[in-house]
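Here the structure is a predicted model, which is why all the values come from computation and not from measurement. Chain letters run A, B, ... following the sequence lines, proteins first, then strands; residues in each count from 1.
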Amino acid sequence: MPELIEVEQYREALDVLCGGTVRSLDIADSAFARPRGVPLGVFDALVGQALTATSRHGKLLLAHFGTDGYVVGMRFGMTGRLLIDGTSPIEALEYASRRNDPAWDRAIIDIGGRVVAIRDQRRLGSIELDPDTRQLGVEASAITADALHRVCSRRTKAIKAVLLDQRLIAGLGNLLADETLWQAGIDPRRPAGALSEVEIDTLASTTVATVQTLSARGGSHTGDSFELRLDGARCVLCSGSMTHDTVGGRSTWWCATHQS
DNA sequence: ATGCCTGTTCTACC
DNA sequence: CGGTAGAACAGGCA
């Protein structure tokens, strides 16, 4: 997605509309709604409800409506953007088309006359009424060493796979995970449970710092290792050679020298 | 033309 | 229970 940094930008844009009332809600593509097969009519309950607050859990953007506790969850897949009156806090996503076609608007909500749209070329995002946030793990942007220790403890799968598992840690995507491990000097293939206490401490604080730094820079693609994601690249920290393989099911780049 | 891509979810299998 | 691999979803770009 849009990783948590981008979704937070979407949340801030949406938050401006708090106080407005839903005039209409249109989901253009029924396949975009979750859970699969849910009748689109359930979303009609939102019409007439006021947007009271916005929040975010990992990559899930939550819009809270009315006094009855309606919550709309929005996911943005690989190429989803949030637009308000046709403009988005993120004009173009890495790895997405530079085209910007209104035909890709999968859900449109009129809140107090302002038009909120989820524009998603690839349709890997979704919208859901009252999503179950208990399925999501600890928020990555504020993860503590204790929380990371609990998540890694006795787990045999690769640390990169743990960082990406939204049920364990919510918010990190492929770029943030690679950048964090690169900054922390940890090999993405290491079994999570084999990390030392010191490495867990380092990884937790590096995760928080990386999210903070890249947020200030403006996106998940602004990490110091992002430009090293190509064959033959040399690590800018130690001049070791960058390695590319699949880890945790995702394309992974790391420094063969200083990440151990 | 083939492979690749900031994601999630499902099945099959060990 | 834990974990892995592959496919599916989908579409544009190098």
**Item:** Partners meeting ring-ring contact (aromatic ring centres under 6.0 Å, His included) with A:His64 (sequence neighbours left out)
**Value:**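 By the ring-ring contact (aromatic ring centres under 6.0 Å, His included) rule, A:His64 matches no residue at all.
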**Item:** Nucleic acid contacts of residues 163-179 of chain A, taken as heavy-atom distances under 4.0 Å to DNA chain B
**Value:** A:Gln166, A:Gly173, A:Asn174, A:Leu175
**Item:** Nucleic acid contacts - residues 127-160 of chain A versus DNA chain B, non-hydrogen atoms under 4.0 Å
**Value:**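 By residue number: none to list.
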Give the rounded distance in Å between these two atoms: [atom1] of [X] and [atom2] of [N].
| X | N | atom1 | atom2 | answer |
| --- | --- | --- | --- | --- |
| A:His57 | B:dT8 | NE2 | P | 12 Å |
| A:Leu230 | C:dA14 | CG | C1' | 14 Å |
| A:Arg123 | C:dC9 | CZ | C1' | 10 Å |
| A:Arg75 | C:dC9 | CZ | C1' | 15 Å |
| A:Met78 | C:dG11 | CE | C1' | 11 Å |
| A:Arg99 | C:dA14 | CZ | C1' | 16 Å |
| A:Arg34 | B:dT9 | CZ | C1' | 9 Å |
| A:Asp101 | C:dG12 | CG | C1' | 12 Å |

**Message:** Quick check on the hydrophobic clustering: are A:Leu51 and A:Leu61 connected, directly or via other members, by side-chain heavy-atom contacts under 4.5 Å?
**Reply:** yes
**Message:** What I want to find out is whether A:Glu199 reaches A:Arg190 closely enough, with some N-O distance under 4.0 Å, to be called a salt bridge.
**Reply:** yes
**Prompt:** Does the pair A:Asp101/A:Arg119 count as a salt bridge with the N-to-O cut at 4.0 Å?
**Reply:**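 Between A:Arg119 and A:Asp101 there is no salt bridge, as every charged N stays at least 4.0 Å from the carboxylate O atoms.
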Under 3.5 Å side-chain donor-acceptor pair for [X] and [Y]:
| X | Y | result |
| --- | --- | --- |
| A:Thr252 | A:His244 | no |
| A:Thr54 | A:Arg11 | yes |
| A:Ser215 | A:Glu8 | no |
| A:Thr79 | A:Asp120 | yes |

**Message:** Any base atoms under 4.0 Å from A:Arg229, or only sugar-phosphate, or nothing? Heavy atoms, all strands.
**Reply:**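 Since only primed, P, OP1 and OP2 atoms lie under 4.0 Å of A:Arg229, the category is sugar-phosphate.
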**Request:** Please work out if A:Thr246 contacts a base, only the sugar-phosphate, or nothing of the nucleic acid, heavy-atom cut-off 4.0 Å.
**Result:** nothing
**Item:** From B:dC5, B:dT8, C:dC9, nucleotide with atom closest to A:Leu124 side chain
**Value:**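 Closest nucleotide to the A:Leu124 side chain: C:dC9.
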**Asked** Of all the choices, B:dC5, C:dC9, C:dG11, which nucleotide is nearest to the side chain of A:His244 once you look at every atom?
**Response**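 Shortest atom-to-atom distance from the side chain points to B:dC5.
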**Prompt:** Under the 3.5 angstrom rule, does the side chain of A:Asp105 hit a backbone N or O of A:Ala107 as a donor-acceptor pair?
**Reply:**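 The answer is no, because no donor-acceptor pair under 3.5 Å joins these two groups.
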**Prompt:** Would you write out the dot-bracket form of DNA chain C, 5' to 3', with Watson-Crick and G-U pairs under 3.5 Å, [ ] for crossing pairs, | for pairs to other strands and . for unpaired bases?
**Reply:** .||||||||.||||
Result block: side-chain N/O donor-acceptor pairs under 3.5 angstrom for residues 132-151 of chain A, not counting sequence neighbours:
unit_1	atom_1	unit_2	atom_2	d
A:Asp132	OD1	A:Arg134	N	3.0
A:Asp132	OD1	A:Arg134	NE	2.9
A:Asp132	OD2	A:Arg134	NH2	3.3
A:Asp132	OD2	A:Gln135	NE2	3.1
A:Glu139	OE1	A:Arg56	NH1	3.4
A:Glu139	OE1	A:Gly58	N	2.8
A:Glu139	OE2	A:Arg56	NH1	2.9
A:Glu139	OE2	A:Arg56	NH2	3.1
A:Glu139	OE2	A:Ser141	OG	2.7
A:Thr144	OG1	A:Ala147	N	3.1

Please list every donor-acceptor pair under 3.5 Å in which a side-chain atom of residues 35-43 of chain A meets a protein atom from a residue at least two apart or in another chain.
none

**Request:** Could you pull out the closest heavy-atom pair between A:Leu163 and A:Leu203, with the gap in Å?
**Result:**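 Nearest heavy atoms, A:Leu163 then A:Leu203: CD2-CD2, 4.4 Å.
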